[in-house]
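Below is one structure, written out as structure tokens; comments come after it.
So that the names make sense, note that chain A is the first sequence line, chain B the second, and so on, each numbered from 1.
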Amino acid sequence: MTDTISLPNSLRSQPDANGHFGAFGGRYVAETLMPLIIELERVYKEAKADPAFDAEFAELLRSYVGRPNPLYYAGRLTEALRAKAAPGKGAKIYLKREELNHTGAHKINNCIGQALLARRMGKKKVIAETGAGQHGVATATVAALFGMECKIFMGAKDVERQKPNVFRMKLLGAEVIPVHSGSATLKDSMNDALRYWVSNVHDTFYIIGTAAGPHPYPELVRDFQSIIGKETRAQMLEAEGRLPDMLIAPVGGGSNAIGLFHPFLDDPEVAMIGVEAAGEGLDKKHAASLAGGASGILHGNRTYLLQDEDGQITEAHSISAGLDYPGIGPEHSWLHEIGRVKYMPIKDEEALESFQTLSKLEGIIPALESAHAVAAAEQIAPTLDADKIIVINLSGRGDKDIFTVADALGAEM
Amino acid sequence: MDRLASRFAACKAQGRAALITFVTGGDPDVAATPAILDALVAGGADIIELGMPFTDPMADGPAIELANLRSLGSGTKTTHIFAIATDFRARHPDTPLILMGYANPMLVRGSGWFADQCKAAGVDGVICVDIPPEEDGELGPTLRAAGVHLVRLATPTTDAARLPAVLNGASGFLYHVSVAGITGKQQAAQASIELAVEKLKAATDLPIAVGFGVRTPEQAAAIGRIADGVVVGSAIVDIVGSHGDAAAPFVQHFVASLSGALLPRTQETAA
Ligand SMILES: Cc1ncc(COP(=O)(O)O)c(C=O)c1O
């Protein structure tokens, strides 16, 4: 028998049968949705056991998404940090190039997987929530690919802030529905997507954009995104003949991070850092649910949330729309509590700085989300020995962010 | 018999369904709520559902969502909701009071704290939108140990295979959500409600209340002929929304039209 503090033999065997990752996760949804998510769980189990499902997923990732994307040694960034470090210090930095995927981020991996599940369940309509519009664009893209009708719920404020992505989604044939309720940002778009879903469960599949929501979403999103970690593992063994010493990824809901981390969870020599958005600072407006939140229930799962003493959800803030969410996926809450993954806050201004650094040193304009991970690496690499290896998940490209960045820097476009 | 059971029994003895009315606590503000609750009772409501406001009421349509935001915007806290409930219990010792809301505000201080507060305030039952039977362990056992019902919901998607799971541990009454959707204007066809209630009655002895989309005396009367209780929410909340802290008389007038419609025919003609 195990006692309460001992850990399972494998950290990769979560969640349990009821969708719990330790004390987190679960299925906190209205009764109307329960039969559907139980059916989704059944279909997903079946699909996982079906080699044809896996083969089709793998083929689309290859021929449509453009996988495998490279693991790139960022030599100029590494050398620039070594120049500032003590002698013998300055870890070697690699970038996992998710930004080279079709549509420019990791989001598409998950959308392809879920669209295949939707088709398997006979659903011809898909919906999604989106903040920056990255997940919305990825969903609209797979909807076009699979010939499905697509509605994207997007906070009215974000529709204003992210006009190019709104137009992209429309070009792809999706209907973009501005959400005016609440704070008119990502969490409200998720509320309205859930409201629509509960009213249209019979013919609609909800493509959730991150590793959160009611079971089985956190599990299946993680599984679809795990291609990131699997490729990284093989590519690192090929390049260096060993595993990396540290993985660093930005965490909004946590899908790109868990996708990179999960295949390495049982390798104790690999350290992992999830980077939360500290916005203007942890004592001001931020989006760091682990550093500045507490366990609670929202959007179908128990997880860390930004909330007040009455359990009212407080507004998140990050310069990066993709990290601007008051919660985090339940598996991260669990990995945080057991200490397997460390989470580190990075502020808006630090991310802005790294956005420019990576652009100038490597010729790669990162998404503001990814720039948070670059900023964390810039702080950590100089403290590690030069023979250590870090992998940063470059979850997306920064084209979508040039307006925000120009604005923040006070630059004329 | 507890308050809920005796009220359902009393209504049954009068040959009519119980009228269950919903308003959001603290809408438009904490000071206005007691008069609105009194208006519900004066208008003939049998059971009161008091909504606990939440920032993210994802099972509610615009009417109740706005009520939640009005309430929170005017500074309503959870302690105010329990104070409103305690005072209501003092003024109306026999009228069952149900708290309705979402899991996070209920559980943020632990289910033990919440159950103790409910018990102390004289709350008879709780409806928690986002705790399905699968997650009952979060809230159900502590509430039941405190003598407070956790009311279960059955919906159009709850099929025969799933119904036993919903009924297992259900108490107080069974709430039939008549539309697959959110609270508000969407209405179910009378025939589909009749079919659903028939199936539920075959499966449980608990009283069955029907809600979601019931807005008029005519609808209430039609549903009242087959169900043990009729729940009206958004239509009342709309009145509060348009009249603010002067809403009480308008609420009472509207609720009286609903309760009048639920009276059995014999009494109706005698009156
Ligand atoms: C490029 C990029 N990285 C990261 C994120 C954060 O999401 P997640 O934590 O699910 O990976 C987003 C979300 O929009 C994104 O667009």
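When all heavy atoms of Ala154(B) and Glu31(A) are compared, the closest pair comes out as CA-CG, 4.5 Å. Listed here is the closest heavy atom pair of Arg27(A) and Pro132(B): O-CG, 3.1 Å. Closest of all the heavy-atom pairs between Lys187(A) and Thr55(B) is NZ-O, 4.3 Å.
Not one N or O on the side chain of Arg109(B) forms a donor-acceptor pair closer than 3.5 Å with the backbone of Gly311(A). Side chain of Asp130(B) to main chain of Tyr28(A): no donor-acceptor pair is present (N/O by atom type, distance under 3.5 Å, no hydrogens or angles).
Distance check: Asp56(B) CG to Ser183(A) OG gives 7.5 Å after rounding to the nearest 0.5 Å. Note: Met34(A) CE to Leu153(B) CG = 12.5 Å, rounded to the nearest 0.5 Å. Taken from CG in Asp310(A) to CG in Asn104(B), the straight-line distance is 10.0 Å, to the nearest 0.5 Å. Considering CZ of Phe212(B) and OG1 of Thr32(A), their distance stands at 7.0 Å, rounded to 0.5 Å. In this structure, OG1 in Thr157(B) is found 7.5 Å from CG in Leu33(A), a value given to the nearest 0.5 Å.
For a residue to count as touching a neighbouring chain, one of its non-hydrogen atoms must lie under 4.5 Å from one of that chain's; by this rule His202(A) does not touch chain B. Only the side chain of Leu72(B) comes within less than 4.5 Å of a heavy atom in chain A; its backbone stays farther off. Heavy atoms of Pro62(B) lying under 4.5 Å from chain A are absent altogether. Looking at Gln307(A), the atoms closer than 4.5 Å to chain B (heavy atoms on both sides) all sit in the side chain, from C-beta outward. Both the backbone and the side chain of Ile182(B) come within contact range of chain A, each with at least one heavy atom under 4.5 Å from a heavy atom of that chain. Neither the backbone nor the side chain of Asn68(B) comes within less than 4.5 Å of any heavy atom of chain A. With a 4.5 angstrom heavy-atom cutoff, Leu36(A) does not touch chain B via any of its atoms. For a residue to count as touching a neighbouring chain, one of its non-hydrogen atoms must lie under 4.5 Å from one of that chain's; by this rule Arg152(B) does not touch chain A.
Atom CG of Asp205(B) is surrounded by 12 or fewer heavy atoms from other residues, nucleotides or ligands within 6.0 Å. Applying the 6.0 Å contact sphere to CD of Glu198(B) captures no more than 12 heavy atoms from other residues, nucleotides or ligands. For Lys201(B), the NZ atom sits in a packed shell: over 12 heavy atoms of surrounding residues, nucleotides or ligands are nearer than 6.0 Å.
Contacts with chain A (heavy atom to heavy atom, under 4.5 Å) involve these residues of residues 134-146 of chain B, listed by number: Glu134(B), Glu135(B), Glu138(B).
When each of Asn200(A), Leu194(A), Ile313(A) is checked for heavy-atom pairs under 4.5 Å with chain B, Ile313(A) comes out on top. Ranked by heavy-atom pairs under 4.5 Å with chain B, the list Leu298(A), Ile297(A), Asp308(A), Asn18(A) is led by Ile297(A).
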Inset, instruction - Give the intermediate values and the outcome of side chain to side chain contact (heavy atoms under 4.5 Å, CB included) for residues Asn191(A) and Glu65(B). - result: CA-CA 11 Å; Asn191(A) 289 339; Glu65(B) 190 203 340; over 6 Å; no

